[in-house]
S.K.: 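Quick one: the structure is below, questions incoming.
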2 protein chains.
Amino acid sequence: MEDKLLKDLFLGFIKVHILHHAAKERIYGQEFSEELQRHGYQISYGTLYPLFHKLEETGYLISANENVHGKVRRYYSITANGKKILEKAKLQAKELVGELYEG
Amino acid sequence: MEDKLLKDLFLGFIKVHILHHAAKERIYGQEFSEELQRHGYQISYGTLYPLFHKLEETGYLISANENVHGKVRRYYSITANGKKILEKAKLQAKELVGELYEG
DNA sequence: GAATATAATATCGTATTTCGATATTGTAAA
DNA sequence: TTTACAATATCGAAATACGATATTATATTC
(Lines give C-alpha, C1' and ligand atoms only; values in the text may rest on other atoms or scores of the structure.)
Protein backbone atom coordinates (compact mmCIF):
# COMPACT_ATOMS: atom_id res chain seq x y z
CA MET A 1 0.00 0.00 0.00
CA GLU A 2 1.59 3.15 -1.24
CA ASP A 3 0.49 5.55 1.40
CA LYS A 4 -0.88 5.33 4.89
CA LEU A 5 -3.77 7.63 4.12
CA LEU A 6 -4.94 5.40 1.31
CA LYS A 7 -4.54 2.38 3.54
CA ASP A 8 -6.62 3.94 6.28
CA LEU A 9 -9.30 4.71 3.77
CA PHE A 10 -9.23 1.13 2.60
CA LEU A 11 -9.33 -0.23 6.15
CA GLY A 12 -12.48 1.71 6.82
CA PHE A 13 -14.01 0.13 3.74
CA ILE A 14 -12.83 -3.39 4.32
CA LYS A 15 -15.48 -4.26 6.88
CA VAL A 16 -18.21 -3.05 4.57
CA HIS A 17 -16.75 -5.08 1.72
CA ILE A 18 -16.67 -8.19 3.85
CA LEU A 19 -20.41 -7.83 4.42
CA HIS A 20 -20.92 -6.95 0.77
CA HIS A 21 -19.24 -10.13 -0.41
CA ALA A 22 -20.80 -12.27 2.27
CA ALA A 23 -24.19 -11.01 1.08
CA LYS A 24 -23.53 -12.37 -2.40
CA GLU A 25 -22.03 -15.72 -1.46
CA ARG A 26 -20.33 -17.58 1.36
CA ILE A 27 -16.79 -16.34 1.90
CA TYR A 28 -13.78 -17.58 3.81
CA GLY A 29 -10.60 -15.87 4.93
CA GLN A 30 -7.96 -17.25 2.61
CA GLU A 31 -10.00 -16.70 -0.54
CA PHE A 32 -11.20 -13.27 0.50
CA SER A 33 -7.64 -12.18 1.20
CA GLU A 34 -6.49 -13.43 -2.19
CA GLU A 35 -9.27 -11.62 -3.98
CA LEU A 36 -8.27 -8.40 -2.25
CA GLN A 37 -4.71 -8.90 -3.42
CA ARG A 38 -5.87 -9.45 -6.98
CA HIS A 39 -7.44 -6.00 -6.74
CA GLY A 40 -4.24 -4.51 -5.38
CA TYR A 41 -5.24 -4.38 -1.74
CA GLN A 42 -3.79 -6.23 1.20
CA ILE A 43 -4.72 -7.02 4.76
CA SER A 44 -2.86 -9.03 7.35
CA TYR A 45 -4.37 -12.29 8.52
CA GLY A 46 -3.76 -10.98 12.01
CA THR A 47 -6.28 -8.29 11.14
CA LEU A 48 -8.65 -10.20 8.90
CA TYR A 49 -9.49 -13.19 11.08
CA PRO A 50 -10.18 -11.20 14.23
CA LEU A 51 -12.35 -8.96 12.04
CA PHE A 52 -14.44 -11.94 10.96
CA HIS A 53 -14.74 -12.98 14.60
CA LYS A 54 -15.89 -9.53 15.62
CA LEU A 55 -18.43 -9.31 12.83
CA GLU A 56 -19.86 -12.67 13.82
CA GLU A 57 -19.85 -11.74 17.50
CA THR A 58 -21.75 -8.56 16.65
CA GLY A 59 -24.30 -10.61 14.76
CA TYR A 60 -23.60 -9.45 11.20
CA LEU A 61 -22.08 -12.73 10.04
CA ILE A 62 -22.66 -16.37 10.86
CA SER A 63 -20.12 -19.09 10.20
CA ALA A 64 -19.90 -22.83 9.74
CA ASN A 65 -16.89 -25.07 9.36
CA GLU A 66 -16.65 -27.27 6.33
CA ASN A 67 -14.07 -29.79 5.20
CA VAL A 68 -12.81 -29.27 1.69
CA HIS A 69 -10.25 -31.79 0.46
CA GLY A 70 -9.30 -32.56 3.99
CA LYS A 71 -8.81 -28.93 4.96
CA VAL A 72 -11.07 -27.02 7.31
CA ARG A 73 -12.67 -23.88 5.99
CA ARG A 74 -14.84 -21.54 7.99
CA TYR A 75 -17.46 -20.15 5.67
CA TYR A 76 -19.21 -16.92 6.58
CA SER A 77 -22.67 -15.77 5.49
CA ILE A 78 -24.41 -12.50 6.18
CA THR A 79 -27.30 -12.27 8.63
CA ALA A 80 -30.45 -10.15 8.51
CA ASN A 81 -28.83 -7.59 10.81
CA GLY A 82 -25.74 -7.67 8.63
CA LYS A 83 -27.84 -6.80 5.60
CA LYS A 84 -29.43 -3.90 7.41
CA ILE A 85 -26.15 -2.35 8.48
CA LEU A 86 -24.64 -3.02 5.07
CA GLU A 87 -27.34 -0.93 3.40
CA LYS A 88 -26.73 1.90 5.84
CA ALA A 89 -22.99 1.72 5.27
CA LYS A 90 -23.42 1.76 1.50
CA LEU A 91 -25.54 4.89 1.70
CA GLN A 92 -23.08 6.58 4.01
CA ALA A 93 -20.15 5.67 1.82
CA LYS A 94 -21.92 7.00 -1.26
CA GLU A 95 -22.75 10.21 0.55
CA LEU A 96 -19.19 10.73 1.75
CA VAL A 97 -17.75 10.15 -1.70
CA GLY A 98 -20.40 12.40 -3.18
CA GLU A 99 -19.22 15.24 -0.97
CA LEU A 100 -15.70 14.81 -2.27
CA TYR A 101 -16.87 15.32 -5.83
CA GLU A 102 -19.56 17.96 -5.55
CA GLY A 103 -18.78 21.56 -6.47
CA MET B 1 -22.44 7.37 15.92
CA GLU B 2 -24.99 4.61 15.72
CA ASP B 3 -22.74 1.70 14.91
CA LYS B 4 -19.07 0.91 15.14
CA LEU B 5 -18.90 -0.27 11.56
CA LEU B 6 -20.25 3.02 10.30
CA LYS B 7 -17.84 4.86 12.54
CA ASP B 8 -14.88 2.91 11.20
CA LEU B 9 -15.97 3.72 7.69
CA PHE B 10 -16.18 7.37 8.59
CA LEU B 11 -12.79 7.35 10.32
CA GLY B 12 -11.18 6.11 7.16
CA PHE B 13 -12.79 8.96 5.28
CA ILE B 14 -12.05 11.67 7.78
CA LYS B 15 -8.43 12.14 6.75
CA VAL B 16 -9.45 12.51 3.14
CA HIS B 17 -12.10 15.03 4.08
CA ILE B 18 -9.60 17.06 6.05
CA LEU B 19 -7.47 17.38 2.93
CA HIS B 20 -10.57 18.00 0.83
CA HIS B 21 -11.65 20.92 2.98
CA ALA B 22 -8.15 22.26 3.40
CA ALA B 23 -7.90 22.32 -0.39
CA LYS B 24 -10.89 24.63 -0.62
CA GLU B 25 -10.03 27.00 2.23
CA ARG B 26 -7.98 27.28 5.38
CA ILE B 27 -9.41 25.16 8.16
CA TYR B 28 -8.87 24.91 11.89
CA GLY B 29 -9.76 22.22 14.40
CA GLN B 30 -12.65 23.68 16.31
CA GLU B 31 -14.54 24.80 13.24
CA PHE B 32 -13.87 21.60 11.34
CA SER B 33 -15.15 19.54 14.24
CA GLU B 34 -18.31 21.62 14.45
CA GLU B 35 -18.99 21.25 10.76
CA LEU B 36 -18.67 17.50 11.06
CA GLN B 37 -21.19 17.54 13.87
CA ARG B 38 -23.58 19.57 11.78
CA HIS B 39 -23.44 16.73 9.26
CA GLY B 40 -24.07 14.15 11.98
CA TYR B 41 -20.50 12.96 12.39
CA GLN B 42 -18.24 13.26 15.36
CA ILE B 43 -14.58 12.91 16.17
CA SER B 44 -12.78 13.40 19.45
CA TYR B 45 -10.36 16.29 19.76
CA GLY B 46 -7.93 13.73 21.09
CA THR B 47 -8.10 12.19 17.64
CA LEU B 48 -8.51 15.26 15.49
CA TYR B 49 -5.58 17.36 16.64
CA PRO B 50 -3.00 14.58 16.50
CA LEU B 51 -4.38 13.85 13.03
CA PHE B 52 -3.68 17.40 11.92
CA HIS B 53 -0.19 17.10 13.37
CA LYS B 54 0.45 13.88 11.51
CA LEU B 55 -0.82 15.26 8.22
CA GLU B 56 1.44 18.28 8.58
CA GLU B 57 4.39 16.12 9.61
CA THR B 58 3.83 13.99 6.51
CA GLY B 59 3.83 17.11 4.37
CA TYR B 60 0.21 17.15 3.26
CA LEU B 61 -0.77 20.20 5.31
CA ILE B 62 1.01 23.31 6.43
CA SER B 63 -0.12 25.44 9.34
CA ALA B 64 0.22 28.94 10.70
CA ASN B 65 -0.99 30.39 13.96
CA GLU B 66 -3.21 33.41 13.86
CA ASN B 67 -4.78 35.50 16.59
CA VAL B 68 -8.50 36.01 16.22
CA HIS B 69 -10.14 38.16 18.90
CA GLY B 70 -7.34 37.36 21.26
CA LYS B 71 -7.60 33.60 20.71
CA VAL B 72 -5.00 31.54 18.93
CA ARG B 73 -6.10 29.55 15.93
CA ARG B 74 -3.90 27.21 13.95
CA TYR B 75 -5.00 27.40 10.35
CA TYR B 76 -4.14 24.55 8.02
CA SER B 77 -3.74 24.70 4.25
CA ILE B 78 -3.08 21.90 1.82
CA THR B 79 0.33 21.47 0.16
CA ALA B 80 1.21 20.31 -3.34
CA ASN B 81 1.86 16.81 -2.03
CA GLY B 82 -1.40 16.96 -0.16
CA LYS B 83 -3.25 17.73 -3.37
CA LYS B 84 -1.61 14.82 -5.11
CA ILE B 85 -2.55 12.29 -2.47
CA LEU B 86 -6.03 13.78 -2.19
CA GLU B 87 -6.68 13.07 -5.85
CA LYS B 88 -5.50 9.51 -5.46
CA ALA B 89 -7.66 9.04 -2.40
CA LYS B 90 -10.71 10.44 -4.16
CA LEU B 91 -10.27 8.01 -7.02
CA GLN B 92 -9.79 5.09 -4.66
CA ALA B 93 -12.83 6.07 -2.63
CA LYS B 94 -14.94 6.34 -5.74
CA GLU B 95 -13.73 2.96 -6.95
CA LEU B 96 -14.45 1.27 -3.63
CA VAL B 97 -17.94 2.71 -3.46
CA GLY B 98 -18.50 1.80 -7.08
CA GLU B 99 -17.80 -1.84 -6.30
CA LEU B 100 -20.46 -1.77 -3.62
CA TYR B 101 -23.07 -0.68 -6.13
CA GLU B 102 -22.19 -2.59 -9.26
CA GLY B 103 -24.20 -5.67 -10.23
C1' DG C 1 -2.29 -47.53 10.94
C1' DA C 2 1.42 -44.21 12.28
C1' DA C 3 3.87 -40.44 10.34
C1' DT C 4 3.91 -36.62 7.23
C1' DA C 5 2.24 -32.79 4.51
C1' DT C 6 -0.68 -29.00 3.92
C1' DA C 7 -4.57 -25.42 3.49
C1' DA C 8 -6.62 -22.76 6.51
C1' DT C 9 -7.64 -20.71 10.86
C1' DA C 10 -6.30 -18.90 15.34
C1' DT C 11 -3.51 -16.44 18.38
C1' DC C 12 0.64 -13.95 20.31
C1' DG C 13 3.41 -9.78 21.61
C1' DT C 14 4.36 -5.26 19.97
C1' DA C 15 3.27 -0.92 17.98
C1' DT C 16 -0.11 2.32 16.70
C1' DT C 17 -4.57 4.58 17.01
C1' DT C 18 -8.60 6.41 19.32
C1' DC C 19 -10.88 8.11 23.10
C1' DG C 20 -12.61 11.30 26.83
C1' DA C 21 -10.61 14.10 30.12
C1' DT C 22 -7.45 17.39 31.57
C1' DA C 23 -3.81 20.79 30.98
C1' DT C 24 -1.84 24.52 28.46
C1' DT C 25 -1.65 28.65 25.58
C1' DG C 26 -2.11 33.51 24.50
C1' DT C 27 -4.54 37.68 24.29
C1' DA C 28 -8.62 40.77 25.29
C1' DA C 29 -11.29 42.66 28.68
C1' DA C 30 -12.09 43.86 33.44
C1' DT D 1 -2.45 42.41 37.18
C1' DT D 2 -6.02 39.39 37.33
C1' DT D 3 -9.76 37.00 34.98
C1' DA D 4 -12.14 34.85 31.16
C1' DC D 5 -12.19 32.03 27.34
C1' DA D 6 -11.64 30.01 22.57
C1' DA D 7 -8.67 26.97 20.91
C1' DT D 8 -4.95 23.76 20.87
C1' DA D 9 -2.13 20.19 23.02
C1' DT D 10 -1.39 16.20 25.57
C1' DC D 11 -2.31 12.38 28.94
C1' DG D 12 -3.28 7.37 30.33
C1' DA D 13 -6.31 3.68 29.15
C1' DA D 14 -8.61 0.79 25.81
C1' DA D 15 -9.01 -0.98 21.29
C1' DT D 16 -7.00 -2.18 16.75
C1' DA D 17 -3.54 -3.72 13.30
C1' DC D 18 0.50 -6.05 12.20
C1' DG D 19 3.82 -9.87 11.03
C1' DA D 20 5.11 -14.05 12.89
C1' DT D 21 4.16 -18.26 14.90
C1' DA D 22 1.18 -21.96 16.58
C1' DT D 23 -2.73 -24.88 16.01
C1' DT D 24 -6.20 -27.61 13.62
C1' DA D 25 -7.94 -31.49 11.08
C1' DT D 26 -7.93 -34.52 7.35
C1' DA D 27 -5.58 -36.86 2.98
C1' DT D 28 -1.86 -39.03 1.63
C1' DT D 29 2.21 -41.74 2.01
C1' DC D 30 4.95 -45.37 3.53
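In the text below, chain A, chain B and the rest are named by the order of the sequence lines, each starting its count at 1.
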S.K.: For C/dT17, take OP1 and OP2 only and decide whether either is under 4.0 Å from a side-chain N or O of A/K4.
M.R.: yes

S.K.: Starting at atom NZ of A/K7, determine the distance to atom P of C/dT17, rounded to an integer number of angstrom.
M.R.: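 A/K7 atom NZ is separated from C/dT17 atom P by 12 Å.
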
S.K.: Taking the inter-plane angle between the rings of B/F52 and B/Y76 on a 0 to 90° scale, is it parallel (under 30°), tilted (30 to 60°) or perpendicular (over 60°)?
M.R.: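 Judged by the thresholds at 30° and 60°, the geometry between B/F52 and B/Y76 is parallel.
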
S.K.: For B/R73 and A/I43, take the nucleotide of DNA chain D holding the closest heavy atom to each; which residue's nucleotide lies nearer the 5' end?
M.R.: B/R73

S.K.: Any heavy-atom pair between the side chains of B/L36 and B/L48 that's under 4.5 Å?
M.R.: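 Side-chain contact under 4.5 Å: no.
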
S.K.: Which of these passes side-chain contact (heavy atoms from CB on, under 4.5 Å) with A/S33: A/Y28, A/Y45, A/Y49?
M.R.: A/Y45

S.K.: Please verify the inter-ring angle class for B/H17 with B/H20; under 30° counts as parallel, over 60° as perpendicular, anything in between as tilted.
M.R.: perpendicular

S.K.: Whole-Å distance between C/dT11 P and A/E57 CD?
M.R.: 12 Å

S.K.: Any side-chain N or O of A/S44 below 4.0 angstrom from OP1/OP2 of D/dG19?
M.R.: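 Answer yes for this pair, as a side-chain N or O of A/S44 is under 4.0 Å from OP1 or OP2.
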
S.K.: Roughly how many Å is it from CZ in A/R26 to C1' in C/dA8, rounded to a whole number?
M.R.: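 Spelled out: CZ on A/R26 to C1' on C/dA8 is 15 Å.
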
S.K.: May I have the distance from A/L55 (atom CG) to D/dA17 (atom P), rounded to whole angstrom?
M.R.: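 One finds 11 Å between P of D/dA17 and CG of A/L55, rounded.
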
S.K.: Give the rounded distance in Å between these two atoms: CG of A/N67 and P of C/dT6.
M.R.: 19 Å

S.K.: Is it true that A/L91 and B/L6 fall in one hydrophobic cluster, defined by side-chain heavy atoms closer than 4.5 Å?
M.R.: yes

S.K.: Looking only at side-chain atoms of A/Y28, point me to the closest of C/dT27, C/dG20, C/dA8.
M.R.: C/dA8

S.K.: Taking the side chain as everything from C-beta on, heavy atoms only, tell me whether A/K54 gets closer than 4.5 Å to A/K15.
M.R.: no

S.K.: Rounding to a whole Å, what distance do you find between B/I18:CD1 and C/dT18:P?
M.R.: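 Taking CD1 of B/I18 and P of C/dT18, I get 10 Å after rounding.
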
S.K.: How long is the line joining CG of B/L51 and P of C/dT16, in whole Å?
M.R.: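 These atoms are roughly 16 Å apart.
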
S.K.: Map A/K71 and A/D8 onto DNA chain C by nearest heavy atom, then report which one ends up closer to the 5' terminus.
M.R.: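 Per heavy-atom nearest nucleotide, the more 5' residue is A/K71.
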
S.K.: Distances under 3.5 Å between protein N/O atoms and the N/O atoms of nucleotides 9-12 of chain D, please, pair by pair.
M.R.:
from  : atom 1 : to    : atom 2 : distance (Å)
D/dA9 : OP1    : B/R74 : NE     : 2.9
D/dA9 : OP2    : B/H53 : NE2    : 2.8

S.K.: Roughly how many Å is it from CD in B/E66 to C1' in C/dT25, rounded to a whole number?
M.R.: 16 Å

S.K.: Would you mind checking if A/E31 and A/R73 are paired as a salt bridge, meaning a charged N to carboxylate O distance below 4.0 Å?
M.R.: no

